[in-house]
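For reference, the structure is listed below as structure tokens.
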Amino acid sequence: MSDQKRLFLVDAYALIFRGYYAFIKNPRINSKGLDTSAIMGFMNSLLDVIKRERPDHLAVCFDKGGSESRNEMYAEYKANRDATPEAISLAIPYICKILEAMHVPIMVKEGFEADDVIGTLAKKAEKQGYKTYMVTPDKDFAQLVSENIFMYRPVFGGGYETWGIPEVKAKFEVDDPKQVIDFLGMMGDSSDNIPGLPGVGEKTAKKFIAAYGSMEGLLANTHELKGKMKEKVEAAKELGLLSKELARIMLDVPVEFHEEDFEMSEPDIAGVTEIFEDLEFRRLKDNFLKTFTAEGMASNGTSHGDKPKAEDTASNSKSSVSVSSSANEGKQAGSGQFTLFGGDGEASETAKSFSSRNTINETEHFYQTVQPGMGTKLFLQNLMKQKSVCFDTETTGLNPITAELVGIAFSWEATKGFYVPFPENREEAQSLIETLRPFFEDENIEKIGQNLKYDIKVLAKYNVTVKGKLFDTMLAHYLINPDMRHNMDVLSETYLNYTPVSITELIGKKGKNQKSMREVPIEQQTEYAVEDADITLQLKEHFQNELGEANTQTLFDDIEIPLLRVLADMELEGINLDEDFLRKLSSELENDIKKLETAIYESAGEEFNIASPKQLGDILFDKMKLVDKPKKTKTGQYSTAEDVLSYLAKDHSIIRDVLEYRGLTKLKSTYVDALPTQVEPSTNRVHTDYMQTVAATGRLSSNNPNLQNIPIRTERGREVRKAFIPRDKDHVLLAADYSQIELRIIAALSEEETMIDAFKNGEDIHASTAAKVFGIPISEVTREQRGNAKTVNFGIIYGVSAFGLSNQTDLSRSEAKDLIDTYYETYPKLRKYMSRQVDFARDHGYVQTVLGRRRYLKDINSRNGVVRGAAERNAVNAPIQGSAADIIKIAMINIHKRLSEENFKSKMLLQVHDELVFDAYKPELDKLRPLIKTEMENAYKLAVPLDVEIGEGENWLEAH
DNA sequence: GCGACCTCTTA
DNA sequence: GTAAGAGGTCGCC
């Protein structure tokens with residue numbers, strides 16, 4: 001062990017960005033609406049470094065004002081960086097406050113980048129006999145690595161790696177870390193906007209370094225290069241030298257290294273705690289306290305070695321086989337390393353974790369594999385005594401219709417649980433499930449699970465009905481926090497600070513070599529499956545109380561949970577598809593597409609990929625120059641979007657052909673050819689999967705395949721609907737649509753009598769609107785007037801702007817504005833309602849539907865007008881769209897109940913937001929029609945009557 | 001092979 | 001202007 005002094009220099013912005021983007025899909029928003037992702041990400045990293053390394057000298061380095069010298073060299077330097085996200089700029093003051101309270105030295109030098117400050121300090125410290133660790137993910141720092149200067153680099157997925165000279169040599173294929181400057185200069189860096197040599201990427205740069213050693217070496221020998229590369233490099237010599245200088249980290253920043261300035265001292269525990277509490281960082285606060293408690297500090301005795309630990313991997317589970325899979329009491333991280341936490345025995349740091357979460361390896365647990373025969377009988381006796389049990393099925397795949405049971409995990413007490421493995425033989429499996437049937441069909445035992453719809457469908461295929469009260473943690477969380485994601489891993493990490501065993505550890509990444517759960521050893525199945533059931537059980541405890549707080553208990557009990565069973569039935573039912581019809585349609589489309597292709601190539605004078613917006617844009621606007629100033633997308637390509645092209649269609653036949661080509665290829669690939677591949681062979685039907693927890697407003701979504709976006713608007717697209725047909729000749733397809741449900745809702749909620757009366761009188765609402773807005777009798781309303789009124793009516797629901805309206809109609813911007821103004825004068829209460837929603841959102845941070853389903857709008861008070869505007873439109877739209885979703889959900893539950901209780905043969909098949917589709921048994925039609933109409937129209941009582949239109953036919957198109 | 005981007009389909 | 005899912009291309013690993 002060496003006594004050499006160690007200095008850690010932290011690259012603040014790089015870690016802040018990294019932390020922010022780590023949470024980008026699931027940003028941390030606290031109750032005040034502050035996005036704390038960047039703060040949390042950075043603090044996690046910093047605490048992690050402190051805990052791992054216990055540095056005695058440390059500083060956090062920030063940029064200020066950018067690099068004056070680099071900007072002088074190259075005006076474009078870092079020019080194409082996106083503006084710093086608001087969450088990051090807001091985070092900086094908090095981070096500085098925390099660092100001050102922690103008594104962590106902060107280094108800033110106006111006019112210099114953190115890179116240069118770190119580089120200069122590292123070199124100066126080296127002279128004073130320090131080993132320096134540059135804490136940063138940024139590979140540019142590799143150029144500074146020496147015998148005493150290292151990179152300490154966080155790796156994705158957790159842990160750190162240390163780059164010394166050998167690592168840098170290997171990574172960059174250089175002889176000396178200094179050559180990294182040449183390497184970066186050659187290949188360039190788009191995020192720093194270092195141009196680099198044209199046409200030179202990583203591969204070529206490595207080749208050049210190997211051959212010439214440096215940028216100068218290369219430029220002096222360009223005569224040895226060949227072809228295009230020679231031309232390009234020779235033409236860019238100056239750019240090359242400039243790029244190299246831009247890539248070079250400066251070592252002459254006017255800063256001094258006085259070691260006493262960098263000493264770690266005792267943090268102001270109370271001060272830091274207060275800030276963390278203010279930010280609502282409960283776990284981070286605990287983590288911080290544990291890191292700086294006397295025990296934590298005292299037990300730090302090691303690791304002043306040459307190199308910090310890097311890439312520690314937690315040892316694999318080593319559970320004992322047979323009955324008891326494991327009671328794993330060892331605290332892996334402590335053994336042989338330094339112990340970080342006090343001896344309370346609860347949490348101990350896992351060496352693998354980047355964010356200090358617990359895993360199965362250091363958590364005491366009792367997961368048992370249930371043995372066949374007697375073991376199962378004893379287990380069942382125990383099981384039947386419980387009031388509430390969490391279960392989780394393990395299967396051979398994700399499709400519940402074809403999936404076979406591999407095992408079922410059960411848990412009714414935290415950290416404990418059982419796993420019943422299933423035999424591969426179907427008959428034996430069926431006989432085992434018969435043994436368990438009394439449990440699943442017991443009305444008095446509550447069943448808990450994560451995404452129970454899946455388990456219910458799997459068991460249904462074994463002819464087992466899951467009865468009794470249900471608690472689905474995924475649905476619970478959807479109501480509690482609709483904007484987050486709801487998969488179990490996320491929930492576990494967020495609420496239990498626990499990272500579950502990843503399924504890919506067991507069966508591999510999806511694709512080529514993915515195994516089936518069946519091939520995983522039983523001991524591992526047990527650990528994985530029971531852990532899931534255990535976690536789900538613990539999550540339930542957590543969410544149970546929160547449901548009450550959010551006033552969403554009723555939505556949960558009366559809507560989402562009952563709906564889960566309805567959806568399971570609809571999905572299992574599937575819908576019949578006329579594959580022959582689609583095959584014919586496909587070949588017709590194929591012919592027409594070929595013809596258009598030929599015509600387009602002819603007009604363009606060359607063949608190209610019409611489906612590539614990039615190629616198409618170049619042909620239309622660069623080659624053919626159809627427009628003087630083509631519109632561009634945000635990535636700088638020419639936009640070839642529909643609205644842009646249709647504007648040009650009247651003047652150019654090629655545009656008309658392209659638009660038609662697009663329409664037809666889309667139709668063919670997305671629907672006509674794709675749908676037949678989604679027919680399930682075992683049922684000969686198409687089974688969509690409804691997602692109950694993805695839409696922020698409370699709507700369902702549909703996928704694999706998506707049956708909620710089957711074409712209807714265009715004549716050719718509509719044909720696809722003819723492929724959806726009844727079960728057999730004794731059935732017809734029946735479609736029931738809510739008419740104008742969203743407009744009725746806004747009329748009712750705003751109490752706008754004029755509009756309410758129009759609905760009550762059964763008027764054509766768009767014509768009625770036109771009559772009132774234009775001040776004419778309803779009989780004199782023209783098609784165009786009605787069309788414009790219709791557009792405004794819809795626009796209101798989405799939060800209109802004059803700009804949007806004029807884009808959608810033939811109206812100019814000012815005409816559109818006039819129309820909107822008159823509209824609001826006609827319906828004054830509508831406008832009041834809208835501002836009431838926005839005000840409510842500002843005060844409460846959320847809006848809600850008629851049933852109290854909330855949507856949180858964190859940007860409603862943003863200082864950024866664009867962002868705030870979007871939140872305001874959400875505030876208006878979410879209650880309307882969401883209330884419509886609530887209402888049809890009620891109707892679905894009630895219809896499903898009656899169909900089953902009254903023994904109908906007819907089945908509900910699909911939901912398309914305001915429409916339900918049924919396989920209607922012909923002899924039942926006379927009873928079915930009024931049943932559906934009544935249940936839908938009376939699902940929820942509004943001040944406006946709901947109206948449902950019903951149609952029937954030999955296919956989905958005819959049913960409309 | 002994966003993800004970002006663009007385009008297009010629905011309510 | 002709201003809410004979704006999906007397919008193709010293209011660049012990146």
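Letters A, B, ... mirror the listed sequences (proteins, then strands); counts begin at 1. Only a predicted model underlies this, so the values are computations on that prediction, with no experimental measurement involved.
Contact annotation: Thr640(A) reaches the phosphate of dT7(B) (side-chain N/O to OP1 or OP2, under 4.0 Å). Between dC10(C) and Ser612(A), a contact under 4.0 Å exists linking OP1 or OP2 to a side-chain N or O. Within the 4.0 Å cut-off from OP1 or OP2 of dA3(C), at least one side-chain nitrogen or oxygen of Asn874(A) is found. Distances shown here put every side-chain N or O of Asn609(A) at or beyond 4.0 Å from the OP1 or OP2 atom of dG8(C).
In this entry the distance linking CG of Leu616(A) with P of dC8(B) reads 10 Å, nearest Å. Rounded to an integer number of Å, the gap from Leu659(A) CG to dC8(B) P is 7 Å. Note: OH (Tyr638(A)) to P (dT9(C)) measures 21 Å, nearest angstrom. In this entry the distance linking CD of Gln615(A) with C1' of dG8(C) reads 12 Å, nearest Å. If you take CD of Gln678(A) and C1' of dG7(C), they are 12 Å apart, rounded to a whole angstrom. Atom OH of Tyr661(A) and atom C1' of dC8(B) are 14 Å apart (whole Å). We find that CG of Leu700(A) is positioned 11 Å from P of dG5(C), with the value rounded to whole Å. In this structure, Ile610(A) atom CD1 and dG7(C) atom P are separated by 20 Å, rounded to whole Å.
If you take CG on Leu910(A) and CD on Glu571(A), they are separated by 10.5 Å, rounding to the nearest 0.5 Å. Here the straight-line distance linking atom CG of Leu909(A) with atom CG of Leu707(A) works out to 10.0 Å at 0.5 Å rounding. One finds the CD atom of Glu560(A) at 9.0 Å from the CG atom of Leu564(A) (value rounded to the nearest 0.5 Å).
Tyr671(A) is linked by a ring pair (Phe, Tyr, Trp, His ring centres under 6.0 Å) to nothing, counting only residues two or more places apart in sequence or in another chain. Every side chain to side chain contact (heavy atoms under 4.5 Å, CB included) that Ala870(A) has, sequence neighbours left out, goes to Arg873(A).
No contact: Glu742(A) has no heavy atom under 4.0 Å from any strand. At the heavy-atom level, Ala878(A) lies nowhere under 4.0 Å from the strands shown. Val694(A) comes within 4.0 angstrom of the backbone, heavy atoms only, and of no base. Among the atoms of the strands shown, base atoms are found under 4.0 Å from some heavy atom of Thr791(A). Using a 4.0 Å heavy-atom cutoff across all strands shown, Thr665(A) reaches no nucleic acid atom at all. Here Phe794(A) lies out of heavy-atom contact (under 4.0 Å) with every strand. At a threshold of 4.0 angstrom between heavy atoms, the contacts of Thr670(A) are confined to the sugar-phosphate backbone, with no base atom among them. Using a 4.0 Å heavy-atom criterion, one finds that Arg718(A) contacts no nucleic acid atom at all.
A side-chain donor-acceptor contact under 3.5 Å links Arg656(A) to the backbone of Ala649(A). A donor-acceptor pair is defined here as one N or O able to donate and one able to accept, closer than 3.5 Å; no such pair exists between the side chain of Lys453(A) and the backbone of Gln692(A). For Arg744(A) (side chain) and Ser739(A) (main-chain N/O), a donor-acceptor pair under 3.5 Å exists by modelled atom type. Remark: side-chain polar atoms of His486(A) are paired, donor with acceptor, to backbone N or O of Thr693(A) under 3.5 angstrom.
Within residues 830-842 of chain A, no residue places a heavy atom under 4.0 Å from DNA chain B. Listed by residue number, the members of residues 865-873 of chain A with any heavy atom below 4.0 angstrom from DNA chain C are Arg873(A).
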Identify the pairs formed between an N or O of the protein and an N or O of nucleotides 9-11 of chain B at a distance under 3.5 Å, and give each distance.
| residue | atom | partner | partner atom | Å |
| --- | --- | --- | --- | --- |
| dT9(B) | O2 | Asn709(A) | ND2 | 2.8 |
| dT10(B) | OP1 | Ile712(A) | N | 2.8 |
| dT10(B) | OP1 | Arg713(A) | N | 2.8 |
| dT10(B) | OP2 | Arg713(A) | NE | 3.1 |
| dA11(B) | O3' | Val912(A) | O | 3.4 |
| dA11(B) | O3' | Asp914(A) | N | 3.3 |
| dA11(B) | O3' | Asp914(A) | OD1 | 2.9 |
| dA11(B) | O3' | Asp914(A) | OD2 | 3.3 |
| dA11(B) | N3 | Arg699(A) | NH1 | 3.1 |
| dA11(B) | N3 | Arg699(A) | NH2 | 3.3 |

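For Thr697(A), taking side-chain heavy atoms from C-beta onward, the closest of the listed nucleotides dT7(B), dG11(C), dA3(C) is dA3(C). Of all nucleotides listed (dG1(C), dT7(B), dG11(C)), dT7(B) comes nearest to the side chain of Pro613(A).
Residues Arg716(A) and Glu719(A) are not paired through a salt bridge, judged by the lack of any N-O separation under 4.0 Å between the basic side chain and the carboxylate.
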Donor-acceptor pairs under 3.5 Å, side chain of residues 834-842 of chain A to any protein atom, not counting sequence neighbours: which ones?
| residue | atom | partner | partner atom | Å |
| --- | --- | --- | --- | --- |
| Ser835(A) | OG | Arg831(A) | O | 3.1 |
| Ser835(A) | OG | Lys832(A) | O | 3.2 |
| Arg842(A) | NH2 | Glu872(A) | OE2 | 2.7 |

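Tested against Gln708(A), the residues Gln911(A), Arg699(A), Glu915(A) include a single side chain to side chain donor-acceptor pair (under 3.5 Å) partner, Gln911(A).
Here the closest heavy-atom approach between residue Asn874(A) and residue Arg855(A) is recorded as OD1-NH1, 3.4 Å.
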